[in-house]
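Step one of this worksheet: look at the structure below.
All of these numbers come straight from a predicted model, not from anything done at the bench. Naming convention: chains lettered A, B, ... in sequence-line order (proteins, then strands); numbering from 1 in each chain.
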2 protein chains.
Amino acid sequence: MSATIKDVAKMAEVSISTVSRVINDSKPVSPEVRKRVLEVIDELGYKPNEVARTLVTKKSFLIGVIATDIGNSYVAQIIRGIEEVGKMYNYDILLCSSYGDKETELKFIQLLNRKQVEGIILISEIINEKVKEQIDQQNIPFVYLNKYFYMENVLTVSIDDLDASYEMTNYLISLGHKNIIYVSTHENEEYSLEKFKIEGYKKAIDEFGEGDELICFAKGCSIEDGYDIGKEVEDLVEKYDATAVFLSHDELAIGLINYFYDCGVKVPDDISVAGYGDIKISQILRPKLTTIKEPYYDIGAVAIRKIIKELKEEKFDKGNIKLPFQIKKRESCGKIQAE
Amino acid sequence: MSATIKDVAKMAEVSISTVSRVINDSKPVSPEVRKRVLEVIDELGYKPNEVARTLVTKKSFLIGVIATDIGNSYVAQIIRGIEEVGKMYNYDILLCSSYGDKETELKFIQLLNRKQVEGIILISEIINEKVKEQIDQQNIPFVYLNKYFYMENVLTVSIDDLDASYEMTNYLISLGHKNIIYVSTHENEEYSLEKFKIEGYKKAIDEFGEGDELICFAKGCSIEDGYDIGKEVEDLVEKYDATAVFLSHDELAIGLINYFYDCGVKVPDDISVAGYGDIKISQILRPKLTTIKEPYYDIGAVAIRKIIKELKEEKFDKGNIKLPFQIKKRESCGKIQAE
DNA sequence: TTGAAAGCGTTACCAC
DNA sequence: GTGGTAACGCTTTCAA
């Protein structure tokens with residue numbers, strides 16, 4: 001068994017109160033006594049038991065993070081942000097992976113609660129109505145992070161999707177593209193953020209574009225879905241003489257580029273492709289993907305900073321914190337030469 | 001404040017002992033009393049405080065994971081394995097990222113100790129002599145996971161690098177390649193696993209190859225390092241008429257393929273490239289990378305399963321658990337036609 | 001089958 | 001400046 005505060009007190013011949021004082025620097029202790037206690041602590045290799053501490057102080061210095069899957073690079077980036085900022089304030093991360101299951105999300109919220117976490121960050125990719133209910137029961141700082149769907153009456157951190165989509169479309173227009181296809185997803189699903197992205201795209205086409213609104217829907221948001229929509233996109237390209245495709249997720253864009261690669265269509269020479277997100281591989285792939293950088297790390301960082309602030313001020317906010325995005329101009333989108 | 005066991009006891013008009021018994025099913029409780037208690041628990045929304053529980057039972061159901069960086073996909077995969085198996089046994093993950101800093105690794109081992117984790121898994125990429133020392137002090141199940149270096153007298157989980165490297169080289173030989181370059185890394189560094197990989201490569205060349213041993217060293221293990229070694233590899237290819245390059249890490253292979261892409265050298269038509277690891281993007285890139293699959297998920301899964309077993313049996317092992325690997329035959333390596 | 005009480009390792013309050 | 005002690009929320013003897 002490792003040494004406890006009692007062992008230290010006994011060996012240093014002081015009371016446990018005194019030992020507590022020196023390890024916490026909470027009240028004045030005479031230099032000699034302090035020195036003696038410190039020596040004993042060192043000798044015994046005493047380390048305070050954080051569990052006991054938590055029990056009395058009610059501060060676990062634990063933040064629960066429920067993620068869909070840390071295998072997704074963007075999720076990992078968010079968690080990096082959470083963890084790194086958390087550590088600055090001595091907070092640690094209790095990690096749970098839901099793999100997109102609603103019941104699991106709910107179960108973990110309860111679990112984390114029992115483990116006395118001080119706040120919860122949920123990185124989700126689905127809509128789960130019961131989450132709010134569950135969270136409200138526990139009166140704990142909560143941040144909801146979701147690239148795909150929005151939830152009302154909770155605190156979220158994200159970029160302005162309408163604006164981002166608008167900017168990217170304008171960028172493509174500025175390159176000389178006239179007919180730009182937008183590949184969306186989650187067709188007709190409620191709470192989908194695609195609503196805003198499509199709006200941004202339409203707004204740009206409407207204001208500055210010369211061609212039509214060309215929109216199609218992928219089945220999902222994976223690389224495979226991007227590959228699978230390839231044929232449809234190709235048809236659209238031919239029919240409308242489109243020169244650029246803007247997809248609502250990097251994964252879709254990568255899948256489409258792979259499809260084009262397999263068909264012998266050259267990106268960006270034959271067609272330009274733009275993504276959304278700037279996930280890690282987007283900069284590794286050749287051609288490098290032109291995309292919108294969602295600042296995942298910062299999203300995580302802001303989320304936990306907000307939680308820590310709420311903990312301090314003891315008031316829990318709602319609403320959406322908007323972070324700036326960037327248009328990453330890389331190889332997959334080329335200029336159209338005026339004829 | 002949320003309800004405690006006392007609140008439940010009072011409201012159900014029983015003692016807290018009884019309440020404890022019903023929530024733990026530890027001792028017989030009469031049906032009527034049990035029912036009443038259960039009702040109150042439900043009414044109050046009572047959730048046992050795991051912190052208090054841990055304090056008395058000494059079981060935190062927490063496993064500490066110190067990782068270099070969960071942004072690396074292989075690390076994320078390992079953690080998935082850890083977490084998923086952990087959850088099967090009700091264990092949760094306390095995550096710490098070291099970003100490759102020795103002091104940070106040490107600091108986290110202590111921190112996790114204070115947080116009363118029941119075991120620690122360290123996913124490292126460096127050699128840190130003091131780790132063993134630190135761990136030995138705390139007498140706690142420990143697993144050391146490192147793709148790059150080995151440590152003696154600790155429990156590790158990995159594949160057999162000599163064997164894997166041997167198999168891959170043989171595969172390349174079987175494709176008809178005569179002069180095969182091996183790109184290593186960590187030149188002359190002690191405890192580097194490259195030792196075994198090089199040995200495997202040499203063994204295969206020696207037994208079945210027709211060409212010379214062609215070995216060069218990259219500066220590190222990143223994609224950039226793979227790109228940077230490109231020129232040297234190209235020279236070697238020309239000088240020895242090599243037709244295949246086997247690199248000790250997928251990242252290096254990807255960097256090299258990118259280098260070749262930028263030079264107009266076609267993979268696998270002009271040259272075959274093989275990697276090591278099978279990180280996530282290896283299957284996404286075009287051409288898809290031929291590589292050795294290190295079973296990251298399983299490595300994590302086995303690591304935690306071992307810890308849980310040690311916890312149960314109260315004996316801590318050392319040694320290296322070897323897991324099977326696979327040669328993933330994909331697009332980046334082609335056959336050499338007999339002339 | 002049930003309850004009282006000790007104890008887990010701390011902090012925090014109250015005396016001195 | 002220091003020590004004694006209640007309390008945190010729970011499990012676990014021990015008696016009844």
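Toward the 5′ end of DNA chain D lies the nearest nucleotide of Val29(A), the other residue of the pair Val29(A) and Thr4(B) mapping further downstream. Between Val56(B) and Val56(A), it is Val56(A) whose nearest contact on DNA chain D lies nearer the 5' terminus. In terms of position on DNA chain C, the residue among Pro31(B) and Ala52(B) whose nearest nucleotide sits closer to the 5' end is Pro31(B). DNA chain C is contacted by both Val14(B) and Lys27(A); Val14(B) maps to the nucleotide lying nearer its 5′ end (nearest heavy atom per residue).
Between Ser30(B) and dT2(C) there is a side-chain polar atom (N or O) within less than 4.0 angstrom of OP1 or OP2. For dT11(D), the OP1/OP2 oxygens have no side-chain nitrogen or oxygen of Lys59(B) closer than 4.0 Å. Between Lys6(B) and dC8(D) there is a side-chain polar atom (N or O) within less than 4.0 angstrom of OP1 or OP2. Taking 4.0 angstrom as the limit, Ser17(B) places none of its side-chain polar atoms (N or O) nearer than this to OP1 or OP2 of dG3(C).
A salt bridge links Lys35(B) and Glu39(B); the closest N-O separation between the charged side-chain nitrogens and carboxylate oxygens is under 4.0 Å. Ion pairing of Arg305(A) with Asp298(A) is absent here, as no side-chain N (NZ or NE/NH1/NH2) approaches a carboxylate O to less than 4.0 Å.
To the nearest angstrom, P of dG9(D) lies 12 Å from NZ of Lys10(B). In this entry the distance linking CD1 of Ile5(A) with C1' of dT10(C) reads 6 Å, nearest Å. Between Asp25(A) atom CG and dG1(D) atom C1' the separation is 14 Å, expressed in whole Å. Regarding Ile16(B), its CD1 atom lies at a distance of 14 Å from the P atom of dA7(D), rounded to whole Å. The distance from atom CG of Asn24(B) to atom P of dG9(D) is 17 Å, rounded to the nearest whole Å. The nearest whole Å value for the distance from the CG atom in Asp7(B) to the P atom in dC8(D) is 11 Å. When the C1' atom of dG9(C) is taken as reference, atom CG of Leu55(A) falls 9 Å away, rounded to whole Å. As a whole-Å value, the separation of Glu50(B) CD from dT11(D) C1' is 12 Å.
At a threshold of 4.0 angstrom between heavy atoms, the contacts of Val51(A) with the nucleic acid are absent. Residue Lys47(A) is in sugar-phosphate contact alone, with no base atom involved, counting any heavy-atom pair closer than 4.0 Å across all strands shown. Among the heavy atoms of the strands lying under 4.0 Å from Thr18(B) are primed sugar atoms or P, OP1, OP2 only; no base atom is included.
Between Tyr74(A) and Tyr148(A), the angle of the ring planes goes over 60°, which puts this pair in the perpendicular group of the 30/60° scheme. Using bins of under 30°, 30° to 60° and over 60° for the plane-to-plane angle, the ring pair Tyr191(A)/Tyr150(A) lands in the perpendicular bin.
More than 12 non-hydrogen atoms from other residues, nucleotides or ligands lie less than 6.0 angstrom from CZ of Phe61(B).
Nearest to the side-chain atoms of Ser20(B) among the listed nucleotides dC10(D), dT12(D), dT1(C) stands dT12(D). Set against dG7(C), dT11(C), dG9(C), the side chain of Asn49(A) has dG9(C) as its closest nucleotide.
With hydrogens and angles left out, the side chain of Arg21(A) and the base of dG3(D) share a donor-acceptor pair within 3.5 Å.
Under a cutoff of 6.0 Å and an axis angle of 45°, Lys132(B) and Tyr144(B) do not form a cation-pi pair.
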